[in-house]
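So you know, we letter chains A, B, ... as the sequences are listed, proteins then strands, and number each from 1. Since the structure is predicted, the reported quantities are computational estimates derived from the model, not experimental observations. No hydrogens, no waters, no symmetry mates; every other heavy atom, side chains included, goes into these values.
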Amino acid sequence: MQDARFERVLLRRPDLRTSFPRKFAARLRTQTVVRVDRRGKYLLIELSSGDTLVMHLGMSGSFNVEAGSSARAEADKHDHVVFEMSPSATITFNDPRRFGFMDLVTRKAMAGHATLSKLGPEPLSPDFDAAVLARACKGKKTSLKVALLDQRVVAGIGNIYASEALHRAGLSPRRKASTIATRGGAPLDSAVRLTAAIKAVLIDAIDCGGSYAADGGRFRVYEREGNHCLTKGCRGSIKRITQIGRSTFFCPVCQK
DNA sequence: ATTGAGACCTGTCGGC
DNA sequence: TGCCGACAGGTCTCAA
């Protein structure tokens with residue numbers, strides 16, 4: 001991908017949830033890829049022009065990469081963007097629900113970017129530890145589940161993994177986020193467990209190829225309402241509640 | 001400032 | 001069979 005060059009950019013369906021910036025295709029053309037990066041759920045492609053191509057897959061977005069210079073023989077109705085690259089490759093962005101988006105951000109604008117610059121730590125980096133999580137939750141009036149979905153607390157946790165991590169940590173999603181904050185500067189035991197659980201859940205997810213990879217049913221609580229809790233020795237059953245309009249799955253017996 | 005509700009979009013599924 | 005409503009996901013906008 002590095003040094004690849006954008007030869008042609010086709011917007012087949014430009015009306016995604018957030019519209020493309022003006023002259024999107026023209027600004028990309030002839031640019032080469034300097035670096036490919038990621039922050040939270042955002043994909044960042046640094047270009048030779050100094051601009052960064054910021055992309056988000058929303059919930060149903062995906063990329064298809066093929067050798068050759070022409071788009072798929074039969075374009076899918078949800079193929080919204082096609083990048084023709086050199087050396088010869090075609091990258092197609094497909095997104096049935098159109099929640100994904102793309103933006104071009106200048107070097108100057110990256111630094112103070114309204115969303116990107118406020119993202120919390122990367123959960124799998126050493127920067128993310130119990131003390132950092134505890135500090136981010138300090139004074140928060142929201143529930144623990146809602147705090148985990150806040151990308152400023154920690155970057156990249158979505159609705160599924162928020163439930164999964166809380167179950168592994170044995171913490172109730174309804175508990176106030178501030179109750180895991182530090183006491184006398186030292187992170188509480190629950191912050192230590194939650195930090196470890198977040199990392200473990202994400203590592204497992206990556207190993208399995210993501211939430212929607214084949215062989216479903218590997219979640220411990222997500223979409224398991226009414227089923228028995230998988231925690232060793234726990235005889236509880238999984239409940240579903242709604243928090244800020246989203247489903248939360250948890251075991252009321254072993255998550256405190 | 002922080003928080004929550006609503007909007008956005010479409011495929012799928014259950015119920016009638 | 002077909003229609004209809006509910007629901008899923010992530011983030012932005014707007015209003016308390």
Side-chain angles (χ1 to χ4, degrees), chain A residues 11-21 38-44 52-63 75-81 92-105 109-110 112-120 122-123 135-166 173-181 198 201-202 205 208-214 216-219 221-227 238-250:
Chain A
L11 297 188
R12 303 189 63 248
R13 175 94 200 236
D15 56 331
L16 300 182
R17 179 172 60 85
T18 304
S19 53
F20 288 85
R38 178 194 59 75
R39 272 292 278 137
K41 300 169 191 166
Y42 296 83
L43 303 170
L44 308 173
T52 298
L53 171 59
V54 177
M55 305 188 283
H56 196 295
L57 296 175
M59 65 165 291
S60 60
S62 67
F63 287 105
D76 183 272
K77 69 189 271 207
H78 301 303
D79 285 349
H80 306 314
V81 186
T92 306
F93 174 67
N94 181 283
D95 185 8
R97 295 189 191 174
R98 293 163 59 212
F99 268 33
F101 58 84
M102 295 189 185
D103 197 5
L104 269 171
V105 183
M110 276 302 276
H113 193 279
T115 304
L116 292 174
S117 68
K118 293 186 176 62
L119 285 177
E122 285 295 322
R135 208 174 305 134
C137 287
K138 195 171 182 178
K140 271 209 168 284
K141 295 203 174 11
T142 56
S143 66
L144 212 37
K145 161 76 179 323
V146 172
L148 289 186
L149 290 180
D150 184 345
Q151 302 297 298
R152 296 168 305 180
V153 170
V154 51
I157 311 285
N159 197 46
I160 296 173
Y161 298 126
S163 282
E164 292 295 314
L166 287 166
R174 293 194 274 215
R175 187 169 153 161
K176 277 253 180 305
S178 57
T179 64
I180 69 158
I198 289 168
V201 159
L202 294 180
C208 292
S211 318
Y212 294 103
R218 52 186 188 72
F219 296 128
V221 288
Y222 185 72
E223 287 191 331
R224 289 194 65 247
E225 181 179 19
N227 290 299
I238 306 307
K239 298 283 179 286
R240 184 176 81 95
I241 58 173
T242 298
Q243 294 178 292
I244 55 161
R246 325 209 77 91
S247 284
T248 299
F249 297 87
F250 74 113

[options]: which one has an atom nearest the side-chain heavy atoms of [X]?
X        : options               : value
A:Pro96  : C:dA8, B:dG11, C:dC12 : B:dG11
A:Lys41  : C:dG10, C:dC12, B:dG4 : C:dG10
A:Arg240 : C:dG10, B:dG4, C:dA8  : C:dA8
A:Phe99  : C:dA8, B:dA5, B:dC9   : B:dC9
A:Thr142 : C:dC12, B:dG4, C:dG10 : B:dG4
A:His78  : B:dT10, B:dG11, B:dT3 : B:dG11
A:Arg97  : B:dG4, C:dC12, B:dG11 : B:dG11

Side-chain contact, heavy-atom cut-off 4.5 Å: [X] with [Y]?
X        : Y        : result
A:Phe93  : A:Met102 : yes
A:Phe249 : A:Glu164 : no
A:Leu166 : A:Lys145 : yes
A:His113 : A:Val105 : yes
A:Phe20  : A:Leu104 : no

Euclidean distance, atom [atom1] of residue [X] to atom [atom2] of [N] [Å, nearest integer]:
X        : N      : atom1 : atom2 : result
A:Leu116 : C:dT11 : CG    : P     : 11 Å
A:Arg152 : C:dG10 : CZ    : C1'   : 15 Å
A:Met55  : C:dT11 : CE    : C1'   : 17 Å
A:Lys176 : B:dT2  : NZ    : P     : 16 Å
A:Ile160 : C:dC7  : CD1   : P     : 17 Å
A:Ile244 : B:dT2  : CD1   : P     : 16 Å
A:Asp150 : C:dG10 : CG    : P     : 14 Å
A:Leu43  : C:dG10 : CG    : P     : 14 Å

field: Touch class at under 4.0 angstrom, heavy-atom based, for A:Gly158 against every strand present
entry: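 It contacts sugar-phosphate atoms only.
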- prompt: Base, sugar-phosphate, or nothing: which does A:Ser60 touch, judged by heavy atoms less than 4.0 Å apart?
  reply: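 It contacts nothing in the nucleic acid.
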Does a side-chain N or O from [X] land closer than 4.0 Å to OP1 or OP2 of [N], or not?
X        : N      : result
A:Lys138 : B:dT2  : no
A:Gln151 : C:dG10 : no
A:Lys140 : B:dT2  : no
A:His56  : C:dT11 : yes

- prompt: Relative to the 5' end of DNA chain B, which residue comes earlier, A:Arg246 or A:Arg13, by the nucleotide with the nearest heavy atom?
  reply: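 That would be A:Arg246.
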Worked verdict on A:Asn94 versus A:Ser62 for side-chain hydrogen bond (donor to acceptor under 3.5 Å, both in side chains): CA-CA 5 Å; A:Asn94 181 283; A:Ser62 67; 4.6 Å; no
message: Pick the closest DNA chain C nucleotide for A:Phe101 and for A:Gly245 by heavy atoms, then say which residue is nearer the 5' end.
response: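 Residue closer to the 5' terminus by nearest nucleotide: A:Gly245.
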